[in-house]
**Student:** 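Take this structure first; my questions come after.
As the structure lists them, so they are numbered: ligands from 1, and atoms in each ligand from 1. Since the structure is predicted, the reported quantities are computational estimates derived from the model, not experimental observations.
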Amino acid sequence: MGTIKAGDNSLQAFDVHRIREDFPILQREIYGRPLVYLDSAASAQKPRQVLERMQEAYETYYSNVHRGVHSLSQACTEAFESGRNAAARFINAESPDQCILTKGATEAINLVAQSYGRSFLKAGDEIIISHMEHHSNIVPWQILRDQIGIEIKVVPIDGDANFLFEEYESLFTSKTKLVAITHISNAVGTVTPIKDIIRVAHAHGAKVLVDGCQAAPHAHIDVQDLKPDFYCFSGHKVYGPSGVGILYGQADLLNSMPPYQGGGEMIDLVTFEKTTYKEIPHRFEAGTPAIVEAIGLGAAIEYIEALGKDNIAAHENGILAYATERLSRIPGLNIIGRAKEKASILSFTMEEAHAHDIGTILDRRGVAVRAGHHCAQPLMQRFDLPATARASFGIYNTREEVDALADALEKVRELFS
Ligand SMILES: *Cc1c(COP(=O)(O)O)cnc(C)c1O
């Protein structure tokens, strides 16, 4: 087992302009205007600390991991494992061994559905998800349902996109085996009462998977306090590379689950008659992993730790409050999702224009927002909408950028009215 070291939480003043200098892409112009990047909920930009760490790996010690005795392989294995250690520290895992490196949150959820779900659930068992899940936390369960005949129940939300807790509690029966719920909604920004969600599920003897994709860049995550059975997030949403993510799980549970994929690195002994598997984390890491991406993830986590999650949350909450106020003043603009607890995501529609038209016009003014269903079509159906436009805010966004967004939206109104 590796050790978990405390992060550098030095509370330096949160200087957004200094932070922006770390992100080379923010110097870009789009159609002759400064890029205003308001799409971090889809994928965050990367600071040069991450890019340099990855380049350094390729230039000075890159090699395959785990299998080599030579110097490069040892150095690369150490750097790769330090990425895992950083992830463990980031969510306060008991041990880095409980942090499986996956391709991303999507693969993490599919792993749980296929390995845990196919072995431990049976026809007639029930699982609970919510109405605001990302497709990645819906479709793997539907695949499992079609394979083994489980039933999927859905927690409703109210008109402000609040998670309805009493309705959630009323969904449990003696057949409920698993709850799979998002920590923060990517489409409307709702922060779910995840600690209570987990507590209630455990009281009913059900396991819990938390989709932490949007929480990881914004909120403190302490899995020893929350006690989920599984918790997952993606590297590319925490200012790290794409192609890498983390599945945290309880050690006994993970070690009791069969492998998800077979191949190199996950075996103990292979004969044609029988193969035995390694313990976690390697049991679930068949094949050559995303080596340099894991190294980059470590750098991204160090970057976030240096800023401090409290500082990040304070900054982003300020931007969200400012943006909510600013956009509320635009006639014909409707904010979708006004949950009591909300993270830095602002979804909206305009009476005059379709979301895709909004996105296109904003782009001509350098403002990057997402338009569409945000991989949450059931949530769109809940609000009777085909799509919304979504601005999402990260550590590098400023109030001036919110002003640019608001000005561009005024332009949309002029063009369409
Ligand atoms: C982005 C996201 C996912 C999917 O993550 P990938 O990185 O695409 O695997 C799942 N859930 C939520 C809430 C997300 O924001």
Side-chain angles (χ1 to χ4, degrees), residues 38-46 50 87 90-91 99-114 129-143 154-155 157 161 163 179-194 197 208-219 221 228 230-248 260-261 284 289-290 293-294 296-297 300-301 316 336-337 339 341-347 369-380 382 388 390-394:
L38 302 178
D39 197 20
S40 297
S43 204
Q45 298 297 348
K46 326 300 172 197
V50 169
F90 190 57
I91 58 172
C99 295
I100 317 278
L101 284 153
T102 64
K103 195 150 65 74
T106 301
E107 189 180 52
I109 298 170
N110 278 278
L111 189 165
V112 173
Q114 289 301 308
I129 63 175
S130 86
H131 212 131
M132 55 191 155
E133 298 310 315
H134 188 283
H135 295 161
S136 292
N137 199 23
I138 301 174
V139 183
W141 307 114
Q142 293 176 323
I143 293 173
V154 181
V155 185
I157 56 173
F163 181 93
V179 170
I181 302 272
T182 192
H183 195 162
I184 296 179
S185 155
N186 66 300
V188 285
T190 304
V191 181
T192 61
I194 201 68
I197 288 171
V208 184
L209 175 143
V210 180
D211 175 353
C213 277
Q214 295 299 332
H218 303 298
I221 298 165
F230 303 102
Y231 194 102
C232 64
F233 65 95
S234 288
H236 68 101
K237 297 194 183 170
V238 293
Y239 309 98
S242 52
V244 67
I246 294 290
L247 172 65
Y248 161 87
Y260 171 54
Q261 293 182 329
F284 294 107
E293 287 73 11
L297 174 62
I301 288 172
E316 292 176 350
I336 309 299
E341 280 220 55
K342 229 184 126 166
S344 49
I345 286 164
L346 200 53
S347 243
V369 299
R370 189 140 296 248
H373 53 64
H374 318 296
C375 296
Q377 285 179 356
L379 182 70
M380 297 294 121
R382 165 69 180 76
T388 70
R390 178 188 72 185
S392 54
F393 309 108

**Student:** For ligand 1, which of its N or O atoms have a protein N or O partner closer than 3.5 Å, and how long is each gap?
**Tutor:**
{"unit_1": "ligand 1", "atom_1": "7 (O)", "unit_2": "S234", "atom_2": "OG", "d": "2.6"}
{"unit_1": "ligand 1", "atom_1": "7 (O)", "unit_2": "H236", "atom_2": "NE2", "d": "2.7"}
{"unit_1": "ligand 1", "atom_1": "9 (O)", "unit_2": "A105", "atom_2": "N", "d": "3.4"}
{"unit_1": "ligand 1", "atom_1": "9 (O)", "unit_2": "T106", "atom_2": "N", "d": "2.9"}
{"unit_1": "ligand 1", "atom_1": "9 (O)", "unit_2": "T106", "atom_2": "OG1", "d": "2.6"}
{"unit_1": "ligand 1", "atom_1": "11 (N)", "unit_2": "D211", "atom_2": "OD1", "d": "3.3"}
{"unit_1": "ligand 1", "atom_1": "11 (N)", "unit_2": "D211", "atom_2": "OD2", "d": "2.5"}
{"unit_1": "ligand 1", "atom_1": "15 (O)", "unit_2": "Q214", "atom_2": "NE2", "d": "2.7"}
{"unit_1": "ligand 1", "atom_1": "15 (O)", "unit_2": "K237", "atom_2": "NZ", "d": "2.7"}

**Student:** May I ask you to test the I184-I194 pair for a side-chain heavy-atom distance under 4.5 Å?
**Tutor:**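 Contact flag for I184/I194 side chains = no.
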**Student:** Using modelled atom types only, decide if a donor and an acceptor are shared between the side chain of H134 and the backbone of S136 within a distance under 3.5 Å.
**Tutor:**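 Yes, the answer is positive, given that a donor and an acceptor are paired below the 3.5 Å cut-off.
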**Student:** Are the side chains of F230 and V210 in contact, using a 4.5 Å heavy-atom criterion?
**Tutor:** no
**Student:** Counting distance only, does the side-chain N/O of S347 pair as donor-acceptor with the main-chain N or O of V188 below 3.5 Å?
**Tutor:** no
**Student:** Indicate yes or no: at least one non-hydrogen side-chain atom of L101 is less than 4.5 angstrom from one of P289.
**Tutor:**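 Counting from C-beta outward, L101 and P289 never come under 4.5 Å.
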**Student:** Do any N or O atoms from the side chain of Q214 and from the backbone of G189 form a donor-acceptor pair under 3.5 angstrom?
**Tutor:**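 A pair under 3.5 Å: no.
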